[in-house]
Structures are given as C-alpha cells and as structure tokens.
Amino acid sequence: MSAGDQELARDLGFLEAYTIGLGTMIGAGIFVLPSIAAKQAGPASMVSFFFGGMVSLLAALSLSELATGMPKAGGSYYYVNRALGPFFGSIVGWGMWAGLTFASAFYMIGFGQYFLSGLGPYIPFLAESEFGITVAALVMAAMLTGVNYYGVKETGSLQNVIVLSLVGLILAFLTLGALSGPTIGEFNPSGWPAVAATIGTVYVSFIGFEVIATSAEEIKNPSRNLPLAMIAAVVTPTLMYVGVMWVSTGTLSIGALDASNIPVADVAAEFLRGFASAIPFVSVSPGALSTAGSIAMIVGAVLATISSANASILSAARVNFAMGRDKILVEWLNEVHDRFRTPYRSITATGIITLVLIAVGAGIGTLAEVASFMYLVTYALVHVAVVVLRRAEPADYEPTFQIPSVLYPFVPILGALACLAVLFQMIVTFEPMVLLGEGVVGVEIALPFTISIVGIIGIGIIAAGIAWYYTYARDRAPSQSLVGDAIAPEPAAATGSDGRYRVVVPVANPETERDLLRMAAASAHAHEDDNAELIAVNVIEVPQQTSLSQDVAFEEERVERQQELLSAARDIAAELDIGLRTRAIVGRDTGSVILDVIEEEDADHVFLGWKGSRSTREHVLGSTIDPVVGRASCDATLVKLGPEETPGEGDVMVLAGEGPHAPVAARRAAEFVTTAGEDATLTLLNVQQPEDGDEDQSPEDRGEALIDDLAERAGIEYMQYDRQIVVAEDIEAAILEAADNYDTICVGATRSGPVTQAVFGSVPETVGEEVDRTVVMARGPEESTMSIREAIARRLSV
C-alpha cells in the first residue's frame, strides 16, 4: 500500500480544530499592524479589520466545502490546481509561497521592533536604529529556519504554548483597555477610500485560517466541525482586532500610534497607569505598573511574531510539497533529509528568500501588503474553484459540507468580487502617472492612474508564475482542468441501450487491422449472450481550413483507402463469426470523433492499437489515444502488437497487482485464452519486494493471497491458470524480465480518477514501450475531464 492510500485517524474535535486555526490567526498582526492601520485610516481602521474578517468569512465557507470534498495537503493551491488546472495552479502555488515568505519577513521585522524595545536599556545603540531591527530580524529568521530544518516536533509544542499565552494576554488587554474608558476622537479622518485601502494592508492578519482546511482528514464529523471551526477561527480574531483598534485609537493619539514601533505595548503602558490605585493590599506606582504592562505586551508580541513566522515557514514547505507532487515544481526541492526527515531544501529556500526580503529593507507595510495581495488572489480563485467543482461534479469530489443552497452561488460570487475589489484598490490609485516627461520631444505621456508598488510586485509574482508554467510546468503537469466540464451543458438523460454489447474498434492500418479485430472479437465473444457486435470506425481527418465536403471531393484516394479498410474489416468479422458494422467518418479530430461514436453507440468497450512509443510533450501515448483512453466512459483496451506471434494466443500473462484496473486486465486475458482454446495458457504473475508488508507473512504468501483476490475480483477463478510469484527489489525490472517468457502481456492501468498525468500509469506504459511482445493495457469505465475548447463546442452545439 502506498502512502497516499493510508487513512488518517480522525482525532480532532471542534475545539482542537478551532484552536489550530485560532493559533495561526492571533499572531503578529495584532501587535504590529495597529500603528500602520491607524496612520492610514485612524479609528475607522477597525472597520477595515471588520471587512477583512468578512472577506475571510466568505473564503472560509468556500474552503470548508473544498476541504471536505478533497482533503489533501496543499490547501488552496491543491483545490485551485484540481479545479482550474496547472496554469492557475502555478499562479496560486507561486503566489502562496511568495505570500508566506513576505509574511515571514513582515513578522520578523515586527519581532525586531518589539525585541529591541525590550532590550533598549541594555543595547541602546541598536534599539533605536533600523539597522538593529534588521539584524534582530535576520538572526531570528535564520534561527527559525534552522529549527524547522532540524525537525518540526519541537516547533509544534512551542506553538501550543504561545497560542494559550497570547489568548490570555489579549483578553486581559481588551478587558483592562475597555475599563480604562478609551475615547475616540475623529472617527474617519482620512475618508472611506483610505478605509478600503487599509483592508488590503491588514488582510495579512487573516491568511492563516486555512490551516484548518489542511487538517480536514483528521477532524471528527467534518461536515459539522470543520465549517464551524473555520467560522469561529475567523470571527474570534476579527472581534479581537476590532477591539484592539478601538482600545488603541481611544487611548493614544493617531500621531503617537504612528510614531510607535511597539503600539500595543505603548497603549497598555498608557492605560495601566490609571489602575495603580485600584490594586488592593499592595502599593504599586503608576510607572511600575505601566512598565510591567508594557513588558508583558512586548513578551507577547515577541512570542506572536515568532509563532506566526514559524507557521508561515511550515506552510510554505507544504505548498512546495503539493506543487512538487503535481509536477509544477521540481521534486528536487522537496527531498526529505535522511536524518531529520524534513523537507530541508524547501525550508532552506524559504528561509533564504525571507532573509533577502528582510535585508533589502522593503518596508514593513509593503511586506504586509504583498502577502495580503497574494492571498487575496488565491482566495478569489478558491471561490471560482467551488463553482467549477459544483458544476463539473467530478467523481472524486464528494464534500460532506456544502455551502447551504440558500447562500449558493452568492457566497463564492460575492467572495470573489470582494477579493477582486480589495485587490483593485491595492493596485490602482486615481492619480496621473507620468510615463514620459516633455523633455526635448515636448510630448508628455501619462496614465490617468498610478499603479502602486505593491501592485507592481504582486503582478510581477503572478507573471513569474505564468512564465514558470509555460517554460517548465506545462510539459510536466497534468494538462486538464475541470473548467470545460463546468462550462459544458448538462448531459442529456440516458435513453438506454438495446441491451447489445458493443465494441468500438478504430481501424487505420491494414497491416494491423486483422489482429486488432480478432482480439476485439475475442472480447465480444465473451458477451455472446448480449448479442455482441463490433463497430469498426475509420476517420479521415480534415484541417480546420477546409470544409469537410470539399476535402472529401478532392481526396478520392483517401476515401478509397477508407472504404478498403472497412471492407476488409467486414471480411475479417465474417471469418471470425462476429457481427460488425462499419462507420466511415470525416472529421476535424480523430479522438473527438471516436468519443462521439462511443457515446452515440452507447458502447461498452473501445479497442485501440498503439505503436509502442511515448511522447514527452503534449500527449503521453498519442494525440488520438490519450483523449479516447482518458475520457471514454466505457472499458478501454490498448494493444501494442508483437512482431510475429498471433496476439492473444500462446502463453498469455497478466500482471496481478493492486491497481484499480488489474481485474479488467485479467478479464481481457481470460477472454483471449477462452477464445484461443488449447492454443493458449494463462498465467497470473505477481512481483513482491522482500521487505514489504506484514513481517509475519512471507512474500510468497502475500503474492498467493493477492492472486487469489484478483482472480475472484475478475471473476475468473473458475478457469485453469498458472501462478508465478517473483520476489525482487526492483519490481519494474522483474516484470520486464518475466515478460520475455510469454507471448502476450496484459496489464491494468495503475491510476484511477481524472487527475492523472499519464494515461495508464508509469509501469504499464513502460511495459508497453519496452517489452518486445504483444502488450495489452486495460482500464475500466472512467469519466475524465473535458477541455475548455470541447466544452464550448458542445455548449454551442446545443
């Protein structure tokens, strides 16, 4: 069993899931952002925090549905990549990684501000300088990178302690601050545009809540606990942020907050002075109480910034892992350290980029806004992914929680628009931007708006993701998305078949036509009780620039060859005593035509020939084979004919593995042997590794049990067959060596579901490519994804 097949125990209840999310939300933002937000929007910045929370709440609902439908590592990146394809997956993957590194740098600068303020009396030469803050941030960022490099267990324990401490500290701050009677002056001195702009600045405070979604597989009763935990984890810090801004702007002036590197500590120091006389039994001076409060908040801020940066580094490694798994990122980056069992290269890369961002002095506000920018792009696409998955209804998407019908599709639409609106105001300010001064030419070129620095950086990161997709990922990552299936019209209700078992056989080569039809007939003969018949199809492919009728008129030679092929097919079928119909078709794309024939005929099986080579670019096995095998809703069998022997006769071997389609391959082999009679033998081969599985069971016993199980699942246990079990370290090499002793090799697809990079899987395709025998690759019925072009064509044809 592979790691991906293992099931995780569900041991997280609502409270555990809620605290996981809360721990990532109550972090550096609450200690660092009040000065930046107050400078931009004054006391009205609490409105910015509130709307930032509302945007996150909408995203939480969409993420809850996606997480219960597809609980996989990678969070938002995985959902977007699955629904919208690797193009958008590359944008979101790089965007999330960039957002997390910018956020880490932001947290570390905040750490430096608070840390040096606490040590100010001891190292005054560093405490008041930007250089000192940068040095402190660099040292702590390097330490966190090192801690994560050597192991995450210790950091997980540290997180729990920090979260509990912060919750208590902030509740105390809010309670005492409220009792001190904060007084708000002018509520909105900078106007509502500034309030809207501040949403983008403070949104970095909300980027951590999706960590709950990444734990979906471990949450008990996820349909109830996961959305409740996410909503509570967003609402709680939103109220805290609003409360902190109310206390802060009601205690200190906007100017004082703007000038402070440690705003929350200064606010606490100010309002605690008034409580000195209220402490019973002990005489405490206002100054001492003020200092104690300030130190407590500094300690809390130091812990919060460390916690937030640590969580960001961990999350970045998980995004890298998911991107590598989907072939969007080089696997080299995700290699796990032999000793520490950590993705050390990914952690190191994240740490280095964070150090560079700190060292270049990008500015704490810019760092926060870029991180916010990238996550707003991500969440906008997450909302789109929900709509696409709802409409496409892929087989592997069955969410246990769905956005209530009364709120759908309003939540994803409103959420996406809200994210885009915040992004727009972050990118553009309506002030003219001069591109070219009058100078010598005397002509000034200017735009009516100005693109912000944050907008330029954010758009640059998106452009980098697009460039990476076209230069690296496009040839390696799965090229399918579900957008086409979402656009396509709803499938018409099935009209039902007449009960006949139909095998569609595309024919194009007279040299292989006989063998292909003979093998297809063997499969059809196994369903004689169902009035089986073959349907031979030949397609004349016509370029887009030529009309179909025009091409046929001028291509007499091709039409004549087509008729000869189909006439020969009828003769062969008569010899084989099998019913056959022929279809001669002229079309634009052979693969699409064959799929249409399968649908029109309500076929049960499609049989295709293959030359035996794999493409390294757009197609795996061929431009015709890939879409048919990947999308046909019936059994699909691919045959590479051997050089001499009669295919399907002689010694037939089927690879007995655990793949989802191994029973289909076994049935194909049994059909060939049954038709050939005494001219054929059947062997079920299984290869075991010596160290795999239960130590109490020998490899031979495991192989025997697997073969028995396969025969039962394939329904061939009644037949006479031989068993062969090979024990070897290298499974693929052992299969190739054993295959030399047989005339026909049958192997089932090793992958199931629409998200497959290859058509059958690496082992079957390697066998097909390297074995110099007849090779049969088989899979059962499977719905795959539809391209956007095909979807639009179908939509227009309705």
Side-chain angles (χ1 to χ4, degrees), residues 21 25 51-72 74-96 99 196 199-200 203-204 206-214 216 226-227 229-231 233-235 238 319 322 371-394 397-427 458 462 465 481-487 788:
M25 299 283 280
F51 279 103
M54 292 302 100
V55 172
S56 299
L57 194 59
L58 296 171
L61 287 171
S62 289
L63 274 172
S64 295
E65 177 168 331
L66 295 172
T68 58
M70 296 184 297
K72 290 281 188 180
S76 294
Y77 154 75
Y78 177 77
Y79 311 138
V80 171
N81 187 61
R82 173 73 182 85
L84 308 182
F87 175 81
F88 290 102
S90 183
I91 292 173
V92 168
W94 282 105
M96 288 180 71
I199 297 174
Y203 197 75
V204 68
F206 297 95
I207 67 174
F209 64 88
E210 77 167 275
V211 70
I212 300 175
T214 63
L226 193 142
M230 290 194 78
I231 292 170
V234 171
V235 170
T238 299
V319 173
S372 300
F373 186 101
M374 300 318 305
Y375 267 82
L376 285 163
V377 171
T378 297
Y379 291 142
L381 291 172
V382 162
H383 288 297
V384 176
V386 170
V387 177
V388 168
L389 286 165
R390 279 273 191 115
R391 286 194 55 81
E393 297 182 325
Y397 180 66
E398 296 180 356
T400 55
F401 166 79
Q402 285 194 319
I403 298 170
S405 56
V406 70
L407 298 177
Y408 181 86
F410 304 109
V411 165
I413 291 175
L414 184 62
L417 292 176
C419 291
L420 293 176
V422 178
L423 283 169
F424 180 76
Q425 59 81 25
M426 292 178 76
I427 296 172
I462 292 172
S481 78
L482 295 170
V483 177
D485 297 73
I487 295 173
I788 296 175

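For this chain, numbers begin at 1 and follow the sequence in order.
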Drop me the distance from [X]'s [atom1] to [Y]'s [atom2], to the nearest 0.5 angstrom.
X: F206; Y: S372; atom1: CZ; atom2: OG; value: 9.5 Å
X: L414; Y: L407; atom1: CG; atom2: CG; value: 10.5 Å
X: I91; Y: N81; atom1: CD1; atom2: CG; value: 11.0 Å
X: E398; Y: E393; atom1: CD; atom2: CD; value: 10.5 Å
X: L84; Y: L482; atom1: CG; atom2: CG; value: 8.5 Å
X: I199; Y: L423; atom1: CD1; atom2: CG; value: 11.5 Å

Heavy-atom closest pair, residues [X] and [Y]:
X: Q425; Y: G200; value: NE2-N, 3.9 Å
X: H383; Y: L58; value: CE1-O, 3.3 Å
X: G99; Y: A371; value: O-CB, 3.4 Å
X: M96; Y: Y77; value: SD-N, 3.5 Å
X: A380; Y: L420; value: CB-CD2, 4.4 Å
X: R82; Y: P394; value: NH2-CB, 3.4 Å

For side-chain contact (heavy atoms from CB on, under 4.5 Å), just list the numbers for W94 and V319, CA-CA rounded to whole Å, side-chain angles, deciding distance to a tenth of an Å, and then say yes or no.
CA-CA 9 Å; W94 282 105; V319 173; over 6 Å; no

Can any side-chain N or O of S62 pair as donor or acceptor with the backbone N or O of V386 at less than 3.5 Å?
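No; judged by distance alone, with no hydrogens or angles, the pair does not exist.
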
Sidechain-backbone polar pair: T378 side chain, M374 backbone, donor-acceptor under 3.5 Å:
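Flag set: sc T378 to bb M374 pair under 3.5 Å.
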
Dump the intermediate steps for side-chain contact (heavy atoms from CB on, under 4.5 Å) on R390 and I403, then the final yes or no.
CA-CA 11 Å; R390 279 273 191 115; I403 298 170; 3.9 Å; yes

Just by distance, with hydrogens left out, do Y79 and E65 show a side-chain donor and acceptor under 3.5 Å apart?
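The criterion, which ignores hydrogens and geometry beyond distance, is not satisfied for E65 and Y79.
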
So, S56 versus Y203: side-chain donor-acceptor pair below 3.5 Å or not?
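Judged by distance alone, the side chains do pair up.
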
side-chain contact (heavy atoms from CB on, under 4.5 Å) evaluation trace for V55 with L376:
CA-CA 9 Å; V55 172; L376 285 163; 4.3 Å; yes

Atom OH of residue position Y408 - does it have more than 12 heavy atoms of other residues, nucleotides or ligands inside 6.0 Å?
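Check passes, neighbour count above 12.
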
Can V204 and Y375 be said to form a side-chain contact (heavy atoms from CB on, under 4.5 Å), step by step?
CA-CA 8 Å; V204 68; Y375 267 82; over 6 Å; no

Using side-chain contact (heavy atoms from CB on, under 4.5 Å) as the criterion, point out the one residue from P399, P404, S405 that pairs with Q402.
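The residue from P399, P404, S405 that satisfies side-chain contact (heavy atoms from CB on, under 4.5 Å) with Q402 turns out to be P399.
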
Are V422 and F51 packed together at the side-chain level, in the sense that at least one heavy-atom pair is separated by less than 4.5 angstrom?
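A side-chain contact is absent here, since even the closest heavy-atom pair is not under 4.5 Å.
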
Quick one: are L63 and Y379 in side-chain contact, heavy atoms under 4.5 Å?
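In contact.
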
